[in-house]
Amino acid sequence: MTKTSTRPVQDDLGGHTDGSADILRLGNAFCDAQALLTAVELNVFGSLTAGPATEEELRERLALHGRGLRDFLQLLVALGLLETADGRYRNTEAGTRHLVPGEPGYIGDFLGGAKHFLYPVWGGLGDAVRTGKPQAGGDFEVMLNNPEMIAPYVRMMDGLMQVLGAKVIKAAGFAGRRTVVDAGGGRGNLASQLAEAHPELEITVFDREQIEPFFDEYRAEIGGSGSVRFQAGDFFRDRIPAADVVVLSHILHDWSPEERARIVENAYRAVNPGGTLVVVDRMLPDDFGHVENLVASLNMRLVTPGGSEYTIAELTGLAEAAGFRKGAVVALDENETLVELHKAANR
């Protein structure tokens, strides 16, 4: 995992600044974030698939007033999100790949969820640190039963797995298995990708009953192939269905250490003898020196009563207490880690 470092800024006389400019820039980094999130919200990148456009053409395409538009577009250029030549704007290669709706690598749904759920609560970080209480306006049960809240949430989770799914499938040991349960699998994004890669598998998405309509919608939307079904249930009230492989992707960080232990114990009962539990999260290094994942951990503290990211050692302790033995640890990218936990064949 990587650490973030700051590079000294040179002043006009060739020397280094006193660091105040770097600190001020960091303090205003929320402006950069809001520029990206707003561009996604307005569908700036999608509108440019029709071809490069002038400021005025974009104003018309997006039905905007126009005041501040030039500065907004030029900021997107300066941030490396757009390119400009001869007075016309176009997407960068990365922008086309990840910010245009419908593209395989699209992460706009995750960014939209970040704007909806995460951006507002960071203003309450001080209160969260002072009181230990989350700053989101309602608990998970409230969100589950509010269609206006749950819809962007499940799409936010899709946005993350849309890019990560192929890496999970490549890293985890699905070949030669017969049954898989994606516990907390939401709309079935990972399950659907897995069904495409391994059509021989019988795959179950296990999640709360309020999620099932979104699962049905997504499967119909993609015309999903393979055997993928939905089973409603609750980690804390119901047994996870039995399978050769159980997946917990971005699940354990939602809960307190005690609740994580209960979920891992439930997963141990579900994994068939000789099978595997696959855990994916933004896990923390032992020295806690990973900026992005510390931010992710604070995200969970801001929106849940007990959630946070955790170290591989903490996960291993919970897993071994439940009866698993630690297997492969795979860095899926700079932020995401996959851990395999194996159940003995004679259990």
Side-chain angles (χ1 to χ4, degrees), residues 2 4 7 25-26 28-120 122 151-168 170 187 189-190 192-193 218 221-222 250 282 291-293 295-296 299 331-336:
T2 60
T4 298
R7 180 171 56 85
R25 189 73 192 90
L26 180 60
N28 281 290
F30 67 90
C31 304
D32 299 351
Q34 191 62 274
L36 168 59
L37 299 179
T38 299
V40 171
E41 179 184 32
L42 296 175
N43 195 31
V44 170
F45 306 101
S47 73
L48 287 169
T49 58
T54 65
E55 176 189 335
E56 178 60 23
E57 288 168 340
L58 279 171
R59 187 193 69 77
E60 292 179 356
R61 288 181 193 178
L62 300 172
L64 303 177
H65 178 277
R67 182 173 185 267
L69 180 58
R70 182 187 63 183
D71 292 347
F72 177 57
L73 294 173
Q74 287 298 136
L75 176 56
L76 296 176
V77 172
L79 292 172
L81 298 168
L82 292 179
E83 297 173 341
T84 183
D86 301 323
R88 306 182 76 83
Y89 297 92
R90 62 177 180 269
N91 289 328
T92 63
E93 182 180 341
T96 299
R97 186 184 309 117
H98 297 302
L99 297 172
V100 173
E103 290 296 316
Y106 182 62
I107 58 174
D109 284 335
F110 179 82
L111 294 172
K115 182 177 176 68
H116 183 86
F117 292 107
L118 300 179
Y119 200 93
W122 271 84
Y153 173 79
V154 295
R155 287 176 173 82
M156 180 182 184
M157 294 301 98
D158 265 11
L160 187 61
M161 195 51 63
Q162 184 66 32
V163 174
L164 198 61
K167 298 176 182 179
V168 172
K170 182 179 179 180
R187 293 209 303 167
N189 188 293
L190 175 60
S192 297
Q193 292 184 59
Y218 179 69
E221 178 184 311
I222 65 171
H250 301 102
R282 289 193 162 202
V291 172
E292 292 297 326
N293 287 5
V295 168
N299 280 338
L332 299 176
D333 57 26
E334 291 187 349
N335 303 322
E336 300 281 353

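Keep in mind the model is a prediction, meaning the values are calculated, not measured. Counting begins at 1 with the first residue of the sequence.
Of all heavy-atom pairs spanning Ala166 and Gln193, the tightest one is N-OE1, 3.4 Å. Nearest heavy-atom pair, Ala39 versus Phe45, reported as atom, atom and distance to 0.1 Å: CB-CE1, 3.5 Å. The heavy-atom pair separating Leu69 from Arg59 by the smallest distance is CD2-CB, 3.6 Å. In this structure, Ala35 and Leu79 approach most closely via the heavy-atom pair CB-CD1, 4.2 Å. Between Gly108 and Val40, the shortest heavy-atom contact is O-CG1, 3.8 Å. Taking all atoms of both residues into account, the shortest heavy-atom contact from Pro120 to Ala114 is CD-O, 4.5 Å.
With rounding to the nearest 0.5 Å, the separation of CG in Leu42 from CZ in Phe72 is 5.5 Å. Rounded to the nearest 0.5 angstrom, Tyr89 OH and Leu58 CG are separated by 8.0 Å. Note that OG1 of Thr38 is 11.0 Å distant from CG of Leu111, once rounded to the nearest 0.5 Å. Atom NE2 of His116 and atom CD of Glu41 lie 11.0 Å apart (nearest 0.5 Å). Separation of atoms CD (Gln162) and CG (Leu190) is listed at 11.0 Å; rounding is to 0.5 Å. In this structure, the separation between CG on Leu73 and OG1 on Thr54 is 10.0 Å, given to the nearest 0.5 Å.
At a threshold of 4.5 Å between non-hydrogen side-chain atoms, the residues Leu99 and Thr92 do not count as touching. Side-chain contact check for Val44 versus Leu81: every heavy-atom pair is 4.5 Å or farther apart. Taking 4.5 Å as the limit, every side-chain heavy atom of Arg61 sits out of range of all side-chain heavy atoms of Asn43. In this structure, the side chains of Arg155 and Arg187 come closer than 4.5 Å at one or more pairs of heavy atoms.
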Open item on the list: Test side-chain contact (heavy atoms from CB on, under 4.5 Å) on Thr49 and Glu103; report intermediate values, then the result.
Closed with: CA-CA 11 Å; Thr49 58; Glu103 290 296 316; over 6 Å; no

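Within 6.0 Å of the CD atom in Glu221, the count of heavy atoms belonging to other residues, nucleotides or ligands exceeds 12.
For Arg70, there are no side chain to side chain donor-acceptor pair (under 3.5 Å) partners two or more places apart in sequence or in a different chain. With sequence neighbours excluded, the residues forming a side chain to side chain donor-acceptor pair (under 3.5 Å) with Asp32 are Arg25, listed by chain and number. Partners of Leu160 according to the side-chain contact (heavy atoms from CB on, under 4.5 Å) rule, which considers only residues two or more places apart in sequence or in another chain, are Phe110, His250, Glu336.
For the pair Asn335 (side chain) and Arg282 (backbone), a donor-acceptor distance under 3.5 Å is absent.
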